[in-house]
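Here you go, one structure.
Naming convention: chains lettered A, B, ... in sequence-line order (proteins, then strands); numbering from 1 in each chain.
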Amino acid sequence: MPIKEADKSYDHDKIEKKVQKFWKEEETFAKVNELREKGPRYSFLDGPPYCSGKIHLGTAWNKIIKDSYLRYKSMNGFSLRRQAGWDMHGLPIENKVEHLMGIQSKQEIEEIGIDKFVDKCREFAIENKIAMEKEFDDLGVWMDWDDPYMTLDPKYMESSWWMLKRANEQDLLLNDQRVISWCPHCGTALAAAEIEYEEKEDPSIYIKFPVTGEEDTYFLVWTTTPWTLPANLAICVNPEFDYVYVAKDGVTYIIAENLMEDVLGKRIKIHRTKIPAENEDEEDKIIEEEEVMYEIIKTVKGEDLLGLSYDYILADEIPKQMEFDSEIEKVHTILPGDHVELGEGTGLVHTAPGHGPDDFEVGHANGLPIFCPVGEDGCFTEDAGKYDGKFTKEENTQIIKDLEEKGLMYHSETIEHRYGVCWRCKTPIIYRATKQWFLKVTDIKQKMLDEIGKVEWVPKWAGEGRFYDWVDNARDWTISRQRYWGIPIPIWECPDCGELKVIGSLDELKEESLTEINVSDSELIHRPYVDEVEVKCDKCGQTIKRIPDVLDVWIDSGVAGWASLYYPEEKEKFADWFPYDFITEGHDQTRGWFYSQLGTGVIAMGQSPYQKVLMHGFVLDENGNKMSKSLGNVVAPEEVIEKYGADVLRFYLLWASKPWDDLKFVWEELLNINKMFNILWNVYVFSTTYMSLDDFNPVGLTEDDMILRSEDKWIISKANSLIKEVAEDLDKLFFHKATRKINNFILEDLSRWYVRLIRGRTWVESDDPDKLGAYYSLYTALVKLITVLCPIAPHVCEEIYENLVKGVNPEAPESIHMLDWGYDEDAIDSELEAKMDVAREVIEASIRARDMAQYKLRWPVSDITVVSEDEDVLNAIEELTDIIKDQSNTKDVLCASEFEKLSYNAKPNLKILGPKLKGDMGKVVKGLKTADGNQIKAELEENGCVTIEGIELNSEEVLFDSELPDDFVSSEFEGGNVFVNTNITLEIRQEAMARELIRRVQDMRKELDLDVEANINVDVETSAEFKDLIVPQSEVISHEVRAKSLIITDSEECNKDSKDYTKEWDIEGEKVVISIKK
RNA sequence: AGGCUAGUGGCACAGCUUGGUUAGCGCGCUCGGCUGAUAACCGGGAGGUCAUGGGUUCGAAUCCCAUCUAGCCUACCA
């Protein structure tokens, strides 16, 4: 089968639909995997996107990086595992389902029934998964969509149970009362990774805590959370700091010295009064008066304050507080705290052990109760006395009012600051002391840090800086959530003896269960069914129940390394693929998946599950802002696909920035890439147009059969170099460099240069070996190009491949992705590539020169002279003379190290000669003006001096202006100068006029929309002079315009047919009437 | 407050790892050209304190330090 002529325009929609249909029908993905099955393994793990239902450009970028890299790896012979992953549990889905069901609270969920709620969550997650799958598919992402790992899969979930069992065996599982971040809306604990920060306005109040037994003396304390004051049990000071007793307005305040002026204002106010001077000579008088605003009574160390007690400020409102006061020694006293700093506040820190991690530790160390009068709904409990039942944050105002009424408020204002909110429902978080389950990350931190060092990070700072820092600061990981849709924590706890039983698999559960189980695995491993399973305590024999919590969703994805392989229930795949050679995710995953995998990996496997990480950036809008629904600047991937197609989007995203930088999405830039694809398509159309016309068949052709010109060898060399260089870039994950090189090759080398060079050859009608050489080379370059491009733009390359390769050779692999990625080192001739660069510059310089002289390129010139002192340049010109002749439209190319036709005018160097000659200057000026510059130059070069009007001048004293002869124009290029001879001889004039005539006939052919190969009859009617000019060129003209007959006549002999297409032209002032007939 | 990253013509980006011609490319602007790849292409031009200030060096966009600005991440903002 011959090569088919391609569609004239690049229709991305048609191509991509067609190719995707082909892949599906032929099961190309599976076949490609099968083909590479025996190759070396390269293991990759897909970071599971959360099943929110829609993908955004960031997710698209993420999958495109993965897909392009993996397609590349596959073409390099690697055997791959491209399993897609889905993150399907968790609060976000619960929240959406709550919405759908029209409910708002945990209480309502339990009324409806956990089973019904969980069913809805499952259904919702699966629906979303299917929708997102389709979107990834439209991008051309090749993953194993039919066999993904899903975090709701019971087999997957078992693997997370097993990890927790391993944690328990290493004593890394801990149930403890701690102060943790709490979302009052979701009614659950949150991990650090689930907290976002937003600018929020909060109260900022300075409160007077009366010093016990000292009248009108107060500790001044600052807080932004008045609602935590009901739980206040102490005040912390830093023992190292200096504190002052200050008398102001009749009372005494105790405050850190360094913060005194910030809080109380300037201690001394200076009033200046200006008395204007009476006359101008004197200066104005300024009288300064000092006013002391407050006085320092004494300065003490923080240490000296320790043990002092204060009268609790809400004693009347909260009876419970006074119980503590009487029962426990250190309640309502000053305690030491290293965490006290001098950045803000007063240096005296309100301490509520139930509401702050630091406070908690202070409380613990000093035997304070962990008093937390706030329930899981964020409302005060009855322990809060007067405030019972009120929502914490909303009660700020009331508490402030109460304090004001007691006269205990020093100052009250509001501030804007960053405050943590729940990542999904955006409710401001509160700190609460609760009992939660933890993974003791602090115990394995060192191991985690060691593992980070073993991983290869791209870019380097992602691991060494950012991630190391995060892990180094990590606290124990709160893994329990008081929710429903998640992996139930497999801990059965004995209420009597405290013994824990951690179940590691479903089989184990079934074995241990005291009752018969008659639900499916999927039901059994979720709430509420698993809640009903009772087992026997190993220690005391008591019947025990599971703790009611589910796991933090980050554990779900964290265990993907082995859970996706169903390890440890299944061992075989695990041995083949774990640990993973490569993962890539956005920089938000530093605290997310990179962390959760490393933590659980160290616990379960004693190692990091990944060995190489590419941390990529975020897609921002064109102003550099994050895309978000609230800003309304979100661009949906399908919008881009509709306009430009998946290939353009894919190429754009890999081209637009370094992968690890954030990417500004600019529509205009897409247009650019679209243009590149159009040009690629144009080259393809150009190629197939002529190749199909000539029935060109590349099958079995080798370079040895061909007569190739230098430019042919050059483009083949360039194409091979491209593959080599792109491979180096892709290996380093430098997608931005790889795409730039491809872009450059398509535009510069292939389209703007090679196609231009061979245009003339394709116009030859016969079976010319020279034309065949051009076809062969163009064909080879194109096939190399689509090979190198197809990991990035798989659709268009598959389409071209189908016609160009499969179309002519039934033996060829059925998909381009089955080709091996390779280049021919022997075909690379870097010397030739360098020479072509020189030739190109020379040609461009000569075109520039002609352009400046307004000498049309269409008109030939008799010669150009290239002047250069560089041996390499001259060699290059000699070798590529034909190309230069052709492209510069010159009959001859001369080389020289100096341009002899330059004439020189000598002139005096006034700067030197002026001071030296003074009065004689005039003689020299005149003498040099009349003398022959060339002769002076020669003399100076020979003797080093010359005598003018009896005065001897040396070479420094004479300057030269060079002058081109009238018929020459020149232009500079990197290696020298080009001089173009523009003298018009009769022969040149004849050829020029022939070209003018040809152009016009071609124009008319086009207007008639004639086939490229159609023959015509041409009649030309003109003046006798013009006829004489073009008749000698008849043969050339006929050939160029495909004329069967060419009749050129003087005006009088006119005898044309009225049916002919006739047009009257003005060529260089001559009237020319051209008629053409098919 | 700490960590990381970035700052290069109007716009979007290369170059920085490994210091070395006149700092590149594309878009846009402007002037001109070409016309069988033609909704394409080619050439000329204007437009840059390479964020700022120091330092190292014969030489810095590139290496070092400080500052400013922006983004992200983090923190016990009491």
Side-chain angles (χ1 to χ4, degrees), chain A residues 8-9 179 192 195 197 202 204 221-225 228 232 235-236 337-341 343-346 348-352 355-362 415 417-420 431 459-462 464-470 472-475 586-588 590-591 617-618 620 622 624-626 655-658 660-666 668-669 671-673 675-676 678-679 681-687 689-690 736-737 740 743-744 747-748 751-752 755-756 759 762-763 844 847-852 854 856-858 974 999-1000 1002-1003 1005-1006 1010-1013 1040-1042:
Chain A
K8 288 289 174 216
S9 64
V179 171
I195 298 166
Y197 292 83
D202 265 316
S204 164
V221 171
W222 178 66
T223 183
T224 56
T225 52
T228 60
N232 170 280
I235 295 171
C236 281
D338 292 336
H339 60 284
V340 177
E341 283 166 10
E344 280 172 309
T346 62
L348 292 100
V349 174
H350 145 58
T351 300
H355 289 306
D358 261 344
D359 311 40
F360 177 84
E361 269 162 42
V362 168
I415 55 161
H417 62 169
R418 286 172 74 78
Y419 193 85
Y431 285 95
K460 271 204 170 62
W461 50 261
E464 289 167 9
R466 189 181 272 250
F467 190 45
Y468 190 96
D469 199 51
W470 158 265
D472 200 25
N473 289 321
R475 301 176 153 236
H587 52 50
D588 56 330
T590 304
R591 65 175 189 178
F618 263 42
L620 309 175
E622 53 192 352
N625 294 316
K626 207 168 175 169
W655 166 88
S657 69
K658 301 180 191 102
W660 48 86
D661 276 351
D662 288 346
L663 184 156
K664 280 189 210 171
F665 185 86
V666 184
E668 220 173 281
E669 301 294 324
L671 212 64
N672 248 322
I673 299 303
K675 203 165 123 183
M676 182 202 88
N678 267 319
I679 290 171
W681 192 259
N682 271 341
V683 172
Y684 169 59
V685 169
F686 171 84
S687 310
T689 303
Y690 292 103
H736 62 302
K737 290 197 178 184
R740 274 175 173 74
N743 185 55
N744 197 58
L747 298 183
E748 290 297 327
S751 168
R752 287 176 196 159
V755 169
R756 185 168 137 197
R759 237 192 246 177
T762 60
W763 196 232
E844 270 158 19
I847 291 174
R848 220 177 302 144
R850 298 166 69 125
D851 200 60
M852 281 187 286
Q854 300 203 306
K856 289 183 186 171
L857 183 58
R858 204 182 301 131
E974 224 183 278
R999 207 219 88 200
R1000 285 164 175 84
Q1002 299 288 35
D1003 214 48
R1005 285 183 63 115
K1006 233 169 104 183
L1010 293 181
D1011 279 344
V1012 172
E1013 73 273 27
E1040 286 291 317
V1041 303
R1042 298 206 177 208

Original post:
Checking only heavy atoms, does the side chain of Ser9(A) share a donor-acceptor pair with the base of rA39(B) at less than 3.5 Å?
Top reply: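 Answer is no: no donor-acceptor pair is held.
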
**OP:** Output the distance between atom CG (Asn473(A)) and atom OH (Tyr468(A)), rounded to the nearest 0.5 Å.
**Re:** 10.5 Å

**OP:** Assign each of Arg475(A) and Asp1003(A) to its nearest nucleotide of RNA chain B by heavy atoms, then name whichever residue's nucleotide is nearer the 5' end.
**Re:**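 It is Asp1003(A), whose closest nucleotide lies nearer the 5' terminus.
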
**OP:** Would you mind classifying the nucleic acid contact of Val683(A) as base, sugar-phosphate or nothing, using non-hydrogen atoms under 4.0 angstrom?
**Re:** base

Subject >> Test side-chain hydrogen bond (donor to acceptor under 3.5 Å, both in side chains) applied to Ser657(A) - qualifying residues, sequence neighbours left out >> reply: none

Original post:
Which comes earlier along RNA chain B counting from the 5' end, the contact point of Asn672(A) or that of Phe618(A), where each point is its nearest nucleotide?
Top reply: Asn672(A)

Original post:
Roughly how many Å is it from CG in Asp469(A) to P in rG2(B), rounded to a whole number?
Top reply: 12 Å

Original post:
Glu668(A) CD to rG26(B) C1': how many Å, rounded?
Top reply: 11 Å

Original post:
Using a cut-off of 4.0 Å on non-hydrogen atoms, how would the nucleic acid contact of Thr689(A) be classed: base, sugar-phosphate, or nothing?
Top reply: nothing

Subject >> For atom CH2 of Trp660(A) and atom P of rA6(B), their distance in whole Å >> reply: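 Going from CH2 in Trp660(A) over to P in rA6(B) covers 10 Å.
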
**OP:** For rG28(B) versus rA70(B), give the span between their P atoms, rounded off to a whole number of Å.
**Re:**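 So the two P atoms sit 32 Å from each other.
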
**OP:** Indicate whether the side chain of Trp222(A) and that of Ser204(A) have a donor and an acceptor atom separated by less than 3.5 Å.
**Re:**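 Short answer, yes.
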
Original post:
Looking only at atom P, what distance separates rG20(B) and rU62(B), rounded to whole Å?
Top reply: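 My reading of the P atoms in rG20(B) and rU62(B) gives 11 Å.
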
Original post:
Given Watson-Crick or G-U pairs with both distances under 3.5 Å, what dot-bracket string fits RNA chain B, with | for other-strand pairs and [ ] for crossing?
Top reply: (((((((..((.(......[...).)).(((((.......))))).....(((((..]....))))))))))))....

Could I get a table of every N or O pair under 3.5 Å where one atom is in the protein and the other is in nucleotides 12-16 of chain B?
from	atom 1	to	atom 2	distance (Å)
rC13(B)	O2'	Arg740(A)	NH2	2.4
rA14(B)	OP1	Lys658(A)	N	3.3

Subject >> N or O in side chain of Arg858(A) less than 4.0 angstrom from rC34(B) OP1/OP2 >> reply: yes

**OP:** For Tyr690(A), answer base if it contacts any base atom (sugar-phosphate contacts may also be present), sugar-phosphate if it contacts only those atoms, and nothing otherwise; contact means non-hydrogen atoms under 4.0 Å.
**Re:**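 Tyr690(A): backbone/sugar contact only, no base atoms under 4.0 Å.
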
**OP:** Give a yes or no on whether the backbone of Val349(A) and the side-chain of Thr351(A) come within a donor-acceptor separation of less than 3.5 Å.
**Re:** yes

Subject >> P-based separation of rC42(B) from rC27(B) [nearest Å] >> reply: 9 Å

Original post:
Sequence neighbours excluded, which residues qualify as side-chain hydrogen bond (donor to acceptor under 3.5 Å, both in side chains) partners of Tyr684(A)?
Top reply: Asn803(A)

**OP:** Return the set of residues passing salt bridge (Lys or Arg N to Asp or Glu O under 4.0 Å) with Asp662(A) (not counting sequence neighbours), or none when no residue passes.
**Re:** none

Original post:
Given Val1041(A) and Gln1002(A), is the side chain to side chain contact (heavy atoms under 4.5 Å, CB included) satisfied, shown in steps?
Top reply: CA-CA 6 Å; Val1041(A) 303; Gln1002(A) 299 288 35; 4.3 Å; yes

**OP:** Can you tell me, in whole Å, how much space there is between the P of rU22(B) and that of rC68(B)?
**Re:** 35 Å

Original post:
Separation of Asn743(A) atom CG from rC27(B) atom C1', in whole Å?
Top reply: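 It is 13 Å, rounded to the nearest whole Å.
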
**OP:** Check side-chain hydrogen bond (donor to acceptor under 3.5 Å, both in side chains) between Thr346(A) and all other residues, then give those that pass, not counting sequence neighbours.
**Re:** none

Subject >> Non-neighbouring partners of Glu844(A) that pass salt bridge (Lys or Arg N to Asp or Glu O under 4.0 Å), sequence neighbours left out >> reply: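 By the salt bridge (Lys or Arg N to Asp or Glu O under 4.0 Å) rule, Glu844(A) matches Arg840(A).
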
Original post:
Taking only residues two or more places apart in sequence, or in another chain, which ones meet Asp588(A) in a salt bridge (Lys or Arg N to Asp or Glu O under 4.0 Å)?
Top reply: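 Scan of Asp588(A) (salt bridge (Lys or Arg N to Asp or Glu O under 4.0 Å), adjacent residues dropped) gives none.
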
**OP:** Write down the distance between CG (Asn678(A)) and C1' (rU38(B)), rounded to a whole number of angstrom.
**Re:** 12 Å

**OP:** In whole angstrom, give me the gap between the P atoms of rA61(B) and rU8(B).
**Re:** 15 Å

Original post:
Expressed in whole Å, how much space separates the C1' atoms belonging to rA39(B) and rG44(B)?
Top reply: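 It works out to 25 Å between them.
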
Original post:
Taking OP1 and OP2 of rC27(B), is either one under 4.0 Å from a side-chain nitrogen or oxygen of Lys675(A)?
Top reply: yes

Original post:
Taking OP1 and OP2 of rG44(B), is either one under 4.0 Å from a side-chain nitrogen or oxygen of Arg848(A)?
Top reply: yes

Subject >> Partner set under salt bridge (Lys or Arg N to Asp or Glu O under 4.0 Å) for Arg759(A), not counting sequence neighbours >> reply: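 Partners of Arg759(A) under the salt bridge (Lys or Arg N to Asp or Glu O under 4.0 Å) test: none.
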
Subject >> Between rC4(B) (C1') and Asp588(A) (CG): distance, integer Å >> reply: 15 Å

**OP:** Using whole Å, report how far CD1 of Ile847(A) lies from C1' of rG43(B).
**Re:** 8 Å

**OP:** With heavy atoms under 4.0 Å as the rule, sort Val340(A) into base, sugar-phosphate or nothing.
**Re:**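 Base contact - Val340(A) has a heavy atom under 4.0 Å of at least one base atom.
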
**OP:** To the nearest Å, give me how far apart CG (Leu620(A)) and P (rU5(B)) are.
**Re:**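 One finds 18 Å between P of rU5(B) and CG of Leu620(A), rounded.
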
**OP:** Check the pair Val221(A) / Ile235(A) against side chain to side chain contact (heavy atoms under 4.5 Å, CB included), numbers first and verdict last.
**Re:** CA-CA 8 Å; Val221(A) 171; Ile235(A) 295 171; 3.8 Å; yes

Original post:
If you look at every strand shown and take non-hydrogen atoms under 4.0 Å, does Trp222(A) touch a base, only sugar-phosphate, or nothing?
Top reply: base

Original post:
Which part of the nucleic acid, if any, lies within contact of Val755(A), taking any heavy atom under 4.0 Å across all strands shown: a base, the sugar-phosphate backbone alone, or nothing?
Top reply: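 Base, at least one base heavy atom under 4.0 Å.
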
Original post:
Does Arg759(A) make a side-chain N or O approach to OP1 or OP2 of rA37(B) shorter than 4.0 Å?
Top reply: yes

Subject >> Options rA37(B), rG43(B), rU35(B), nucleotide nearest the side-chain atoms of Glu844(A) >> reply: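 Among the listed nucleotides, the one closest to the side chain of Glu844(A) is rG43(B).
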
Original post:
Looking only at atom C1', what distance separates rG3(B) and rA46(B), rounded to whole Å?
Top reply: 44 Å

Original post:
The side chain of Ile679(A) lies closest to which of these nucleotides: rC34(B), rC41(B), rC27(B)?
Top reply: rC41(B)

**OP:** For nucleotides rG26(B) and rC73(B), find the distance between their C1' atoms and express it as a whole number of Å.
**Re:** 33 Å

